[in-house]
Amino acid sequence: MTGRFDLPEPDAFTRTYWDAAAEGRLLIRRCGACGRAHHYPREFCPHCWSEDVTWETASGRATLYTWSVVHRNDLPPFRDRVPYVAAVVRLAEGPRMMTEIVGAEGSGAGDDPGLSDGAHLDVVFREGIPVFRPVPR
């Protein structure tokens with residue numbers, strides 16, 4: 001254990017996802033039976049329960065669904081990042097994804113991050129972890 005709570009522990013199934021992320025690609029799963037995409041990666045479709053699912057490279061575009069500015073977190077390395085923006089985004093392909101928003105306007109404790117519902121976002125990768133940043137207006 002590294003003492004960090006933000007790094008994944010890939011297993012045989014999720015290794016494909018994390019290897020792609022380390023290369024700067026965001027993967028989702030798409031069902032061959034119902035056609036719907038989903039995230040987080042599972043070996044079956046959460047919509048119709050089919051096991052006919054494959055990996056697909058996502059566009060990396062998303063819109064902001066909801067967010068919260070975190071002002072206190074004692075776990076490493078989060079204590080060094082506060083305040084930060086924890087969020088749920090809706091990927092252009094449809095699924096929602098938990099993530100962090102980086103590069104928002106506010107930077108100090110109590111600052112408004114300048115975000116709004118539906119804000120357009122692009123994926124970026126920090127240490128092989130997908131996070132999102134606002135698209136410049």
Side-chain angles (χ1 to χ4, degrees):
M1 181 75 175
T2 64
R4 289 189 54 184
F5 295 89
D6 64 328
L7 298 177
E9 293 183 23
D11 59 27
F13 173 70
T14 63
R15 182 157 310 281
T16 299
Y17 176 84
W18 294 114
D19 286 351
E23 297 169 359
R25 293 182 300 120
L26 178 62
L27 296 184
I28 57 174
R29 300 282 278 175
R30 184 161 309 269
C31 179
C34 73
R36 294 177 71 180
H38 63 271
H39 185 84
Y40 65 93
R42 286 163 268 197
E43 297 185 61
F44 62 90
C45 175
H47 306 290
C48 73
W49 298 92
S50 171
E51 293 180 0
D52 180 18
V53 289
T54 56
W55 293 106
E56 175 181 305
T57 301
S59 67
R61 294 185 315 270
T63 55
L64 187 58
Y65 181 75
T66 190
W67 75 98
S68 179
V69 178
V70 178
H71 293 277
R72 183 174 178 164
N73 188 333
D74 294 331
L75 298 174
F78 301 108
R79 72 172 64 104
D80 298 326
R81 293 184 188 160
V82 294
Y84 63 89
V85 180
V88 177
V89 301
R90 182 182 301 276
L91 300 175
E93 293 78 10
R96 292 181 191 154
M97 175 180 173
M98 291 188 68
T99 188
E100 182 180 341
I101 305 299
V102 297
E105 293 171 8
S107 59
D111 286 351
D112 178 348
L115 298 170
S116 60
D117 290 337
H120 294 276
L121 308 166
D122 284 329
V123 72
V124 292
F125 294 85
R126 180 179 57 212
E127 298 181 66
I129 307 292
V131 296
F132 286 79
R133 68 173 172 218
V135 172
R137 297 175 192 176

Excluding sequence neighbours, so at least two apart, what forms side-chain hydrogen bond (donor to acceptor under 3.5 Å, both in side chains) with Asp11?
Thr14
Exceeds 12 heavy-atom contacts within 6.0 angstrom, atom CZ of Arg126:
yes
CA sep, side-chain torsions, deciding dist, call: Asp117, Trp67, side-chain contact (heavy atoms from CB on, under 4.5 Å)
CA-CA 9 Å; Asp117 290 337; Trp67 75 98; 3.2 Å; yes
To the nearest 0.5 angstrom, please state how far the CZ atom of Arg36 sits from the CZ atom of Arg30.
10.5 Å
Value for CZ (Arg133) from CG (Leu121), rounded to nearest 0.5 Å, stands at 10.5 Å
Under 3.5 Å: donor-acceptor pair, side chain of Thr99, backbone of Pro130:
yes
Could you tell me whether Arg25 atom CZ has more than 12 heavy atoms of other residues or ligands within 6.0 Å of it?
yes
Looking only at non-hydrogen atoms, find the nearest pair between Pro134 and Leu115 and report the distance.
CG-CD2, 4.1 Å
Would Tyr40 end up clustered with Phe13 when hydrophobic side chains under 4.5 Å apart are linked, directly or stepwise?
no
Is there a side-chain contact (heavy atoms from CB on, under 4.5 Å) between Asp19 and Tyr17? Walk through the geometry before answering.
CA-CA 6 Å; Asp19 286 351; Tyr17 176 84; over 6 Å; no
Identify the two heavy atoms, one from Leu75 and one from Asn73, that lie closest to each other, and give their separation to 0.1 Å.
N-OD1, 3.0 Å
So Leu27 and Thr57, side-chain contact (heavy atoms from CB on, under 4.5 Å) or not? Walk me through it.
CA-CA 5 Å; Leu27 296 184; Thr57 301; 3.6 Å; yes
Between Val53 and Ile28, is there shared hydrophobic-cluster membership here, with clusters defined by ILVMFWY side-chain heavy atoms closer than 4.5 Å?
no
Same cluster or not: Leu26 versus Trp55, using hydrophobic residues (I, L, V, M, F, W, Y) connected whenever any side-chain heavy atoms lie under 4.5 Å apart?
yes
Rounded to the nearest 0.5 Å, how far apart are OG of Ser59 and CG of Leu91?
7.5 Å
Might you point out which heavy atoms bring Phe132 and Gly60 nearest each other, and give the distance in Å?
CE2-O, 3.7 Å
CG on Leu64 to CZ on Arg90, rounded to 0.5 Å
11.5 Å
Kindly assign one of parallel, tilted or perpendicular to the pair Trp49 and Phe44, based on the angle between their ring planes and the thresholds 30° and 60°.
parallel
Would you find a donor on one side and an acceptor on the other, under 3.5 Å apart, between the side chain of Arg29 and the backbone of Arg42?
yes
Measure the spacing between CD1 of Ile101 and OG of Ser68 and express it to the nearest 0.5 Å.
12.0 Å
For the CZ atom of Arg72 and the CZ atom of Arg79, what is their distance to the nearest 0.5 Å?
10.5 Å
Under 4.5 Å between side-chain heavy atoms, hopping through other hydrophobics if needed: is there a path connecting Tyr65 to Val69?
no
Flag yes if more than 12 heavy atoms outside His47 fall under 6.0 Å of its NE2 atom; otherwise flag no.
yes
Residue Glu56 excluded, over 12 heavy atoms near CD under 6.0 Å:
yes
Cluster overlap Trp18 with Phe125, hydrophobic side-chain contacts below 4.5 Å:
yes
Would you call Val88 and Met98 a side-chain contact if the rule is heavy atoms closer than 4.5 Å?
yes
